[in-house]
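Before any comments, here is the structure.
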Amino acid sequence: MSPFVPFRVPRSAAFWSVALLLVLVLAASGVPSPLYRVYQERFGFSSGVLTTVFAVYALALLVALLVVGALSDHVGRRPVLAAALLVQAGAMLLFLTADGVGWLMVARVVQGLATGAMTGALGAALLDLQRTDKPLGPLVNSASPGLGLSLGAVGAGVLVEFVATPTDWVFGVLTAVFVLAAGGVLLLPETSPRTPGALASLRPDARVPRAQRPAFLVVLPCLAATWALGGLYASLGPSLVSGVFGVDDHLVGSLLILALNGTGLVGSLALRSAVPERAMVLGALVFSVGVGGTITGLLTGSLAVFFAAAVVSGFGFGAAFLGAMATVTRSVAPGERAGLLSSVFVVSYLMFSLPAVAAGLAVDGIGLERTAEIYGAAVVVLALTAAGSLVLRRRSEPLAA
């Protein structure tokens, strides 16, 4: 190799490097969940403020997705990823030094902007780098949220229980890791050539290619249902464990997030060989059963039923999201991948954040338990709508292969 040609990671290794980076970014987004109660006790704010702190992350992420979500289709994946990772490192520093709820919100906003800027680029890079004879991009894209959020939440929960200064350890280490990762992505092969239209791509827009629009509309209720439940668990899950079931252990609260998101990975892997539409329908039905169990656990006051229901819901979440992702990304053109994936995650994170904020505000009026029960019932309706609409569509007008 010429000394003037920089080293590039081989494509197969680059695929798994991008997958690892995606998990790391999502793990960092899950880290604050078990720490919310720590911050709540430290700074003294209500459940409504807690869910607002949670939601500003998702809303900032949405802004970044809408503005720069398709930018890597024009300027390349590496520049977008390197810049976003440095911003992510800055967010970790803000968490490290936060001394009040205001700075906590600022840190969450910066983290949301960084995560949103790289979500579409990372997902598109996986589709670019996957083997044509073994396309694992949709599987990794669908499994990464569950795996990443679980690792982040459980890791932070363990540190809260066993380390005197958990926030210092978590955010100090993550700051260094993201700085190193920003340099590391420059060694990856560039998979998206420069094309005109970079400035025009910054105009806020949800970009769904015409060929993918029918499939996108079909999977919308599935995205809404699964991510809305994820938002409830990530924001108020540890509070439910404490407030409804009387368990104050921070680690148990983080294990609830693992029960949902960790089994999401299992659901994705179990249905990875299924026809995408079948995986989505089966996943939505299992998800509905699991959420019904969640409501039962709340009504009966059984923590065991509550955790078991989270496991079932998580399995359905993973299978349904895998099916939805594979359905909507099938046959998408390379130059439209980042834009399409950004649109998918715009819907996902809207449902991840806004219903959770509404739930947090409702807690003060009707209580935590009743809020979660009503929330769960609404999610079941959405999931069944998703399954029913796809079955009806397949009978009348099958999606294009």
Side-chain angles (χ1 to χ4, degrees), residues 6-9 14-15 17-29 31 56-97 106-129 141 144 148 152 171-205 207 334-346 349:
F7 171 77
R8 291 283 181 258
V9 176
F15 176 86
S17 297
V18 172
L20 179 62
L21 186 56
L22 179 58
V23 171
L24 173 64
V25 168
L26 292 169
S29 72
V31 160
V56 293
Y57 159 80
L59 295 176
L61 188 151
L62 288 174
V63 170
L65 280 172
L66 289 169
V67 175
V68 298
L71 183 61
S72 74
D73 285 336
H74 300 278
V75 302
R77 313 295 184 211
R78 289 185 306 176
V80 172
L81 291 176
L85 285 165
L86 289 176
V87 176
Q88 185 85 310
M92 299 302 102
L93 276 177
L94 287 170
F95 276 115
L96 186 63
T97 58
V106 171
R108 237 2 205 164
V109 167
V110 175
Q111 185 182 29
L113 292 173
T115 304
M118 70 181 97
T119 296
L122 286 168
L126 287 171
L127 297 180
D128 297 341
L129 292 164
N141 271 317
S144 294
F171 297 117
V173 170
L174 285 176
T175 299
V177 168
F178 283 121
V179 169
L180 292 174
V185 296
L186 300 178
L187 302 178
L188 298 177
E190 181 54 76
T191 59
S192 181
R194 290 179 178 270
T195 60
L199 288 178
S201 75
L202 299 178
R203 184 176 63 250
D205 189 17
R207 305 169 191 277
E336 296 175 327
R337 287 169 176 168
L340 174 60
L341 285 169
S342 294
S343 296
V344 169
F345 283 109
V346 162
Y349 279 103

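Note: hydrogens, waters and symmetry copies are ignored here, and every other heavy atom, side chains too, is used. Keep in mind that this is a model prediction, so the values were computed, not measured.
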Search all heavy atoms of [X] against all heavy atoms of [Y] and return the closest pair with its distance.
X      : Y      : result
Ala117 : Ala64  : N-CB, 3.6 Å
Leu96  : Gly172 : CD1-N, 4.0 Å
Ala14  : Pro189 : CB-CD, 3.6 Å
Leu81  : Ala121 : CD2-CB, 3.9 Å
Leu126 : Phe15  : O-CE1, 3.4 Å
Ala125 : Val18  : CB-CG1, 4.0 Å

Test: salt bridge (charged side-chain N to carboxylate O under 4.0 Å, His left out). Region: residues 177-186. Which pairs qualify, not counting sequence neighbours?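 For residues 177-186: none.
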
Side-chain touch Phe95/Thr175, heavy atoms, less than 4.5 angstrom: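 No, every pair of side-chain atoms sits at 4.5 Å or beyond.
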
Do Val68 and Val80 have side chains that get closer than 4.5 Å, going by heavy atoms?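 Counting from C-beta outward, Val68 and Val80 never come under 4.5 Å.
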
Spacing of [X] atom [atom1] and [Y] atom [atom2] [to the nearest 0.5 Å]:
X      : Y      : atom1 : atom2 : answer
Leu61  : Thr119 : CG    : OG1   : 5.0 Å
Ser144 : Leu22  : OG    : CG    : 4.0 Å
Leu62  : Thr115 : CG    : OG1   : 11.5 Å
Glu190 : Asp128 : CD    : CG    : 8.5 Å
Arg108 : Leu94  : CZ    : CG    : 12.5 Å
Leu113 : Gln88  : CG    : CD    : 10.0 Å

Quick check against the 3.5 Å criterion: does Arg78 have a side-chain atom that pairs as donor or acceptor with the backbone of Leu186?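 Yes: the side chain of Arg78 pairs with the backbone of Leu186.
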
Is the backbone of Ala28 close enough, under 3.5 Å, to the side chain of Gln111 for a donor and an acceptor to pair up by distance?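 Between the backbone of Ala28 and the side chain of Gln111 there is a qualifying donor-acceptor contact (under 3.5 Å).
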
Using the side chain to side chain contact (heavy atoms under 4.5 Å, CB included) rule, take Val87 and Phe178 through it: C-alpha gap first, then chi angles, then the decisive distance, then the call. CA-CA 9 Å; Val87 176; Phe178 283 121; over 6 Å; no

